[in-house]
Colleague: 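Have a look at this one before I ask anything.
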Amino acid sequence: MGTILPVTLTAAAAAAIINLWLAVRVGQMRGATKTIHGDDAGGPLTRRMRAQLNFVENTPFALALIAAIELTGRGEPWLAWVAGLYMLGRVAHGFGMDGEGATKPRMIGTLVTMLTLLGLAIVAVLIVLGVM
């Protein structure tokens, strides 16, 4: 028997690793700023915390849509590429949040996230309507 939902399983594993990486970066910044509780009022610790929280806010929706589309059998072969691109966008966003202003990696990560969620939502609706 083959693996059930291989794209979803791979995407969830990647998401767990990225979330762990973002959490470690927060911990490193806590040590560097000597901030045990709370944040640093908009400084580098706050930006890293927001990068992780933004990931946690968006990724469950992406994973749910990836799983639902994969379950319908209509995600071949593009769904794996979309999931991979989403994860790369989230890594770019994490790095981009280290900058004080608007950075190119942050903008790319944000755009990739929004377009991925919108695209997957549209595909899900098209599947329900029988168009796909």
Side-chain angles (χ1 to χ4, degrees):
M1 183 170 141
T3 303
I4 298 171
L5 301 177
V7 174
T8 303
L9 186 59
T10 304
I17 291 167
I18 293 168
N19 191 54
L20 180 60
W21 169 70
L22 290 167
V24 167
R25 287 170 45 87
V26 170
Q28 289 171 332
M29 191 57 69
R30 281 193 179 285
T33 61
K34 297 183 181 5
T35 308
I36 302 302
H37 302 289
D39 60 38
D40 60 351
L45 173 59
T46 301
R47 290 194 300 275
R48 285 198 178 176
M49 290 170 66
R50 281 301 308 150
Q52 185 185 23
L53 183 56
N54 188 273
F55 181 81
V56 172
E57 291 167 346
N58 287 289
T59 302
F61 291 104
L63 290 174
L65 286 163
I66 289 166
I69 291 167
E70 190 172 17
L71 278 169
T72 69
R74 292 182 178 86
E76 289 292 330
W78 58 270
L79 188 59
W81 289 102
V82 170
L85 182 63
Y86 174 82
M87 297 304 166
L88 288 174
R90 298 315 305 167
V91 170
H93 182 268
F95 280 124
M97 287 294 286
D98 281 349
E100 293 209 16
T103 64
K104 194 167 277 193
R106 181 182 179 186
M107 290 186 290
I108 289 169
T110 300
L111 185 61
V112 167
T113 298
M114 290 179 166
L115 290 176
T116 300
L117 289 172
L118 178 62
L120 290 172
I122 289 170
V123 167
V125 170
L126 291 175
I127 290 169
V128 169
L129 294 175
V131 176
M132 257 185 96

Colleague: How does the hydrophobic cluster around M97 look, that is, which other residues are in it when side-chain heavy atoms under 4.5 Å mark a link?
Modeller: none
Colleague: Is D98 salt-bridged to R48, going by a charged N under 4.0 Å from an acidic O?
Modeller: yes
Colleague: Please check if the side chain of R90 supplies one atom and the backbone of N58 the other of a donor-acceptor pair under 3.5 Å.
Modeller: no
Colleague: Is there a donor-acceptor pair under 3.5 Å between the side chain of R30 and the backbone N or O of T35?
Modeller: yes
Colleague: Give a yes or no on whether W81 atom CH2 has more than 12 heavy-atom contacts from other residues, nucleotides or ligands under 6.0 Å away.
Modeller: no
Colleague: Salt bridge (Lys or Arg N to Asp or Glu O under 4.0 Å) with R50: which residues, sequence neighbours excluded?
Modeller: E57
Colleague: Mind checking whether T113 and F61 have side chains closer than 4.5 Å, heavy atoms only?
Modeller: no
Colleague: Nearest 0.5 Å, please: how far is CG in N54 from CZ in R106?
Modeller: 8.0 Å
Colleague: Consider only side-chain heavy atoms of I, L, V, M, F, W and Y, link residues closer than 4.5 Å, and tell whether L65 and L79 are in one cluster.
Modeller: yes
Colleague: Has the side chain of Q52 got a donor or acceptor atom that lies under 3.5 Å from a matching backbone atom of V26?
Modeller: no
Colleague: About how many Å separate CZ of R47 and CG of D39, when rounded to the nearest 0.5 Å?
Modeller: 11.5 Å
Colleague: Should we count CE of M114 as having more than 12 external heavy atoms under 6.0 Å?
Modeller: no
Colleague: Looking at L88, V91, T59, which hits side-chain contact (heavy atoms from CB on, under 4.5 Å) with I18?
Modeller: V91
